[in-house]
Amino acid sequence: MELKNVILEKEGKIAVVKINRPKQLNALNSETLTELEAVVDELALDDNIFAVILTGEGKAFVAGADITEMKDLRTIEGRKFGILGNRVFRKLELLEKPVIAAVNGFALGGGCELSMACDIRIASAKAKFGQPEVGLGITPGFGGTQRLPRLVGMGMAKQLIYTSEIIKAEEAFRIGLVNKVVEPEKLMDEAKALANNIAEQAPIAVKLCKAAINKGMQCDVDTALAYESEVFGECFSTEDQKEGMTAFVEKREKCFKNR
Ligand code: CO8
């Protein structure tokens with residue numbers, strides 16, 4: 001697929017995905033969502049990429065779903081748009097490689113929701129977060145009512161969603177919505193350092209950790225622990241487990257092969 005609104009760059013073991021509609025503050029229209037889905041599909045199949053960074057071109061991360069496209073939608077079309085966004089974001093959340101949101105600016109509505117479908121959020125000190133949907137007469141529709149309370153707790157999520165309040169990066173850090181706040185000029189370096197650190201670990205183990213955390217957070221603790229035991233056992237069928245432990249015992253550098 002020809003990409004107009006999304007840029008995909010690969011640098012060694014990491015990929016950088018950039019939402020690229022800066023004039024519209026990277027607002028997500030159907031075309032952009034479809035391109036993002038194609039990029040996620042491509043990354044899923046790329047055995048040389050072990051961590052992904054998602055960011056926005058220009059002054060915004062993503063200022064929401066495209067209000068111009070949504071304005072005149074009828075019920076069935078609104079539902080279709082919501083289903084598209086949820087499908088793409090869920091695909092991103094389930095991608096078998098960690099995704100870091102490098103939040104460079106506005107992350108509002110669908111933008112905040114996009115960042116929450118990522119594994120880790122690093123924010124520029126200039127970033128702003130919020131779910132302003134009720135001020136537009138709609139509910140969050142790309143996972144905000146579900147992922148925000150899971151991240152920051154039900155009370156804080158309800159306050160943010162019911163009021164449309166927009167918060168600064170420091171407040172987002174305080175409530176646990178972002179992992180770290182950094183100076184704007186350091187954002188990509190920090191995100192890349194983190195991504196490269198992850199990419200140096202045993203990829204199958206990282207993939208299984210992601211699956212265990214994602215799955216375990218959505219079910220009862222006994223089912224979750226049983227799943228953890230299953231993936232833990234699975235690690236012992238990999239060459240990388242033998243390599244990681246042998247390298248430790250032999251006091252040498254390890255060399256993982258994703259096998
Ligand atoms: N959609 C479409 N266009 C947008 C959006 C958006 N979400 N955000 C900004 N733009 C456009 C502006 O219209 C403007 O275009 P133009 O130059 O043609 O007038 C351009 O981007 C620049 O924006 P501003 O001039 O407004 O820039 P400012 O720096 O003055 O303000 C703000 C920045 C505060 C971010 C402001 O643009 C704003 O409030 N944007 C809207 C934020 C918002 O409400 N986002 C939530 C949208 S709803 C949503 O995301 C729901 C997701 C789930 C959908 C489920 C569907 C079923």
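Every number for a ligand or one of its atoms is a count from 1 in the order of the listing.
For Phe81 and Phe142, the ring centers are positioned less than 6.0 Å apart.
Each of Lys23, Gln24, Leu25, Ala27, Lys59, Ala63, Gly64, Ala65, Asp66, Ile67, Thr68, Met70, Gly78, Phe81, Gly82, Phe106, Leu108, Gly109, Gly110, Glu113, Pro132, Glu133, Leu136, Ile138, Gly141, Phe142 has a non-hydrogen atom positioned under 4.0 Å from some atom of ligand 1.
Side-chain atoms of Thr68 and Asp66 form a donor-acceptor pair, as typed in the model, at a separation below 3.5 Å.
How far CE of Met154 is from CG of Leu148: 12.0 Å, rounded to the nearest 0.5 Å. For the atom pair CD of Gln131 and CG of Leu136, the computed distance is 11.5 Å after rounding to the nearest 0.5 Å.
Between Glu243 and Arg252, at least one side-chain N (NZ, or NE/NH1/NH2) sits under 4.0 Å from a carboxylate O, which counts as a salt bridge.
Residue pairs satisfying the side chain to side chain donor-acceptor pair (under 3.5 Å) criterion with at least one member in residues 151-172, sequence neighbours excluded, are listed as follows: Glu171-Arg174.
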